[in-house]
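Have a look at the structure below before the remarks.
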Amino acid sequence: MTEQRLIAPDRPALEGLETVWSQVWEQEKTYAFRRPQSRESVFSIDTPPPTVSGSLHVGHVFSYTHTDIIARYKRMRGFDVFYPMGWDDNGLPTERRVQNYYGVRCDATLPYDPDFSPPENPDPKKQVPISRGNFIDLCEELTAIDEKVFEDLWRHLGLSVDWSQLYTTISGMAIRVSQAAFLRNLARGEAYLDYAPTMWDVTYSTAVAQAEIEDRDYPGFYHRVSFHAADGSPVYIETTRPELLVSVCALIAHPNDERYQPLFGSTVTDPLFGIEIPVLAHHMAEMDKGTGIAMCCTFGDKTDVQWWRELQLPTHTVIGRDGRLNRETPDWVVNTHRYAELAGKTTFSAREAVVAMLRESGDLDGDPKPTMRKASFYERGDKPLEIVASNQWYFRNGGKDEDLRKVLLARGEELRWVPKYMEHRFSDWVNGLNGDWLISRQRFFGVPFPVWYVLDMEGNPDYCQIITAEESALPVDPMTQPPAGYDESQRDQPGGFTADKDVMDTWATSSLTPQLACGWFRDEELFSLTFPMDMAPQAHDIIRTWLFSRVVRANFENGCLPWATTALSGFVTDPDRKKMSKSKGNVVVPTEILEKYGSDAVRWRAAMARPGTDSPFDEQQMKVGRRLATKILNASKLVLNLPGNDPGSWSVDKVINPADRSMLEELHGVIRFATQSLDEYEYTDALEVTERFFWTFCDDYIEFVKERAYGQEGVELAQMESARCALGIALGVMLRLFAPYCPFVTEEVWRWWHSDSIHLAPWPQAGHELADAETEVLEDVSTALIAIRGAKSAAKTSMKTPIESMVIRGNADTLRRLKSVESDLRAVSHLTGDITWTEATGDLQVEVTLAT
RNA sequence: GGGCGUAUGGCGCAGCGGUAGCGCGCUUCGUUCACACCGAAGAGGUCACUGGUUCGAUCCCAGUUACGCCCACCA
């Protein structure tokens, strides 16, 4: 008895493949970027850097898988794929996580404590104040922990990232690049400092940008309040923010409003503070809203800002950066004793106090009426935003400049969008911008602005005299380093300098990910090989933020688009098609399903979500991917473990049987379609066609040729070889077609008879050597098999039940084709008697008589 | 209020001018020598609604409704 040498293991399994192969890929540097001679052979990807302070959910897993599929495909097509990963660990999200995790808060007035260690039992309600330096230390400590968890997950998922290209948005390199780009923007006038009303979050005590604002329902009350005209008669207004009465600067009605026309040009007095203000006309006032006349404050909402600007009203700011009313009585207040009761109160308490005063003075008409209004919130905050005038840094983004807006809209048109219709989100956003991009944040953990200001002889900063850092000195921290030409002793001294204490918003740095990843300002060779990049994958929700901001920065710095194509992923929604969000509590964590079904199965499910399309989470679907992976394992085992089968001997030239040739030619069609689909980023179509073929291959073709492939008695050697070669060649092709989707199981099987990774193997080509093969053979065989199985199933009997006789009706071509594979047909159907061949018009019909 | 998208069997999705397909689930049967993470067969839909174009519409056009996402409004 000869020893049967097995190529495949006896009992192949999916468990543990992620661990085994991710380690091998790391050791073999399978995905390392190798710098080629020219840009043409590179495919570079601007991977979204995940916010490490958050958690990854299935939506991320799907979206990053979509990118990885394309990366793997391009690599197999022979491109040098530049696929870096970044961590967005800079900014307010990290600060917030550090505050909650360690139970601390940053107090910039405290000195650095080198012996500091965080509280052992953090109490989020009693945060310990610590210095800026200690706070930044903790930010760095925690992001390192979080990043390890993220990296492990990505490796487990099988992302073919080149980990040696990893960058983070708070690293010295990122700060240097970010500062350098900022200084160049400043020099060209694309960045500027301005004193203006901005949206302000009182919890985090920082300005926020338009892109980070979201509207939420917010309960409030309409208060009907009387102002007093010169003749003592009341003028009623309605307001939801009575606490802003003290910052009133005008009453405004529509110019056509006959009720108020007599008052235009006169002044009225507020009911509490003795402030005399004008009554003015403006077309933005709506006659049917409230009483038709509005109280304009600095600032209650964006309309107030517009009125203030267009009517050149005085600035009566009372709300401070901490969200409390100023402690000092404003100079425009006449009845100072009233203000004294409000000083230092939060807006909420001030509102109660003002309402009580109004009741007492008799100027509150009726009871406040409840209403549900929309208020603006910072997307990560939970208190409504205030509008505060302050000094802030801006990037021009076309929000105030028609020419620039047109340039950026043209960039949007130049970009290839997958799917195409997503382009609207870009143009809608650009067209809707109403101001420049505010980038400064009054926070700590971020990229510092590399500037200082000259102090005058009284020690006040002159914001017109900005001292910038030298590019060669970057990265720089102006809080600890003096500018060139100054001495540290001159810091904050009259006639000296003072640092800009703000940091850049995290988007200001992440808007430079193409420059960061590609080596701008640091590695000219790398930059020329990878930039502009080929692909910008991301989810569709951040078109207005990340995608747009990168277009802005590359337009300024490089005069081009940062990439040629953007590929948008949809969301994984909850089963009710609602967006997943922490506040709704419907977030699905990926670790469990990855553990339960395996990475290949989850990736398969991700690939079934077409570009841009949201898809509801359904755990059932994961099983289908799992089943595919298992089937790949088992079908491969069958082919490779045929007794004496030798992969080295497989050759298309030996494929002589019509059924075998038919199957291979059909597969060539699959290759063509899958290749074309992937070139168009339609990974789902490519997978579907491959998968459909694979199941037919398993259910029909393998069953049909099995006896011949085993070399049963009476089978000619050449016929057996034909089946084995066809099976082996098809397997090799299908594994490679599946490799971008299911990298683990395909690698496992491939290595049963290859020493190199499948992920560096060439993508299959559809040759012409089988062009004369008839693909109809396999179709006819499938039809015949369905009839044979149908008869056995109807008779409720085993598929192995012998068939006594068979009648086949079809046209001459069909009969000829089936006759050419008659021996296989007899074997698969366990036919004992004869086949009656009857020429007839119409579709192929097969009648069988079962043995009794 | 504006924009974009989606509406196809219980669920998830294809399709697209010539009277519907796939997967899951379901029903019935079979099987353990690739695979029970299995195989086979089957039931199940007037393709949201109303008009229009056409010889003919699920598919094109217009409108309606519902849902989702984004933006705007916020006195």
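The structure displayed is predicted, hence computed values, not measured ones. A note on names: the letters A, B, ... follow the listed sequences, proteins ahead of strands, and every chain is numbered from 1.
- In this entry the distance linking CG of A/Asp685 with C1' of B/C13 reads 12 Å, nearest Å.
- Contacts between residues 418-428 of chain A and RNA chain B, defined by a heavy-atom separation under 4.0 Å, are made by A/Tyr421, A/His424, A/Arg425, A/Asp428.
- Rounded to whole angstrom, the span from the CE atom of A/Met580 across to the P atom of B/G68 amounts to 16 Å.
- With sequence neighbours left out, the side-chain hydrogen bond (donor to acceptor under 3.5 Å, both in side chains) criterion links A/Asn256 to no other residue.
- Within the 4.0 angstrom heavy-atom criterion, no nucleotide atom of any strand lies near A/Thr291.
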For residues 689-697 of chain A, which side-chain donor-acceptor pairs fall under 3.5 Å, sequence neighbours excluded?
| from | atom 1 | to | atom 2 | distance (Å) |
| --- | --- | --- | --- | --- |
| A/Thr690 | OG1 | A/Ala686 | O | 2.7 |
| A/Glu691 | OE1 | A/Trp604 | NE1 | 3.1 |
| A/Thr696 | OG1 | A/Arg692 | O | 3.0 |

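- Base engagement by A/Asp215 is indicated by at least one non-hydrogen atom pair under 4.0 Å involving a base atom.
- A salt bridge links A/Glu423 to A/Lys420: at least one charged side-chain nitrogen sits closer than 4.0 Å to a carboxylate oxygen.
- Residues A/Arg626 and A/Glu15 are paired through a salt bridge, judged by an N-O separation under 4.0 Å between the basic side chain and the carboxylate.
- The phosphate of B/C24 (OP1 or OP2) has a side-chain N or O of A/Arg627 nearer than 4.0 angstrom.
- If you check every strand for non-hydrogen atoms under 4.0 Å, A/Glu286 touches a base.
- For A/Trp417 and A/Phe426, the ring centers are positioned less than 6.0 Å apart.
- Listed by chain and number, the residues in a side-chain contact (heavy atoms from CB on, under 4.5 Å) with A/Glu18 are A/His156, A/Ser599, A/Phe744 (sequence neighbours excluded).
- In this model, no side-chain donor or acceptor of A/Glu703 finds a partner on the base of B/A40 within 3.5 Å.
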Handout entry: Bracket notation of RNA chain B in which parentheses pair within the strand, [ ] cross earlier pairs, and | pairs with another strand (Watson-Crick or G-U, under 3.5 Å)
Key = (((((((..((((.......)))).((((((....).))))).....(((((.......))))))))))))....
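- Residues satisfying the side-chain contact (heavy atoms from CB on, under 4.5 Å) test with A/Asp257, not counting sequence neighbours, are A/His254, A/Arg259, A/Tyr260, A/Met287.
- Among the protein residues, A/Arg789 comes within range of the sugar-phosphate backbone only, with heavy atoms under 4.0 Å from sugar or phosphate atoms but none that close to a base.
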Contact list (N/O, under 3.5 angstrom) for nucleotides 7-10 of chain B vs protein:
none

Throw together a table of side-chain donor-acceptor distances under 3.5 angstrom for residues 363-372 of chain A, partners on residues two or more places apart or in other chains.
| from | atom 1 | to | atom 2 | distance (Å) |
| --- | --- | --- | --- | --- |
| A/Asp363 | OD1 | A/Ser226 | OG | 2.7 |
| A/Asp363 | OD1 | A/His228 | NE2 | 3.0 |
| A/Asp363 | OD2 | A/Ser361 | OG | 2.8 |
| A/Asp365 | OD2 | A/Arg224 | NE | 2.7 |
| A/Asp367 | OD1 | A/Arg359 | NH1 | 3.3 |

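- With sequence neighbours left out, A/Lys796 forms a side-chain hydrogen bond (donor to acceptor under 3.5 Å, both in side chains) with no residue at all.
- The list of salt bridge (Lys or Arg N to Asp or Glu O under 4.0 Å) pairs with a residue in residues 295-311 of chain A, not counting sequence neighbours, is empty.
- The residue among A/Val624 and A/Arg544 whose nearest nucleotide of RNA chain B is located toward the 5' end is A/Val624.
- A/Cys698 comes within 4.0 angstrom of a base, heavy atoms only.
- Only the P atoms considered, B/A43 is 37 Å distant from B/C55, to the nearest whole Å.
- With sequence neighbours excluded, no residue forms a salt bridge (charged side-chain N to carboxylate O under 4.0 Å, His left out) with A/Glu707.
- Scored by the side-chain contact (heavy atoms from CB on, under 4.5 Å) test, A/Ser549 finds A/Trp437, A/Ser511, A/Trp546 as partners (sequence neighbours excluded).
- Checking A/Lys631 against A/Asp301, the closest nucleotide of RNA chain B that is more toward the 5' end is the one next to A/Lys631.
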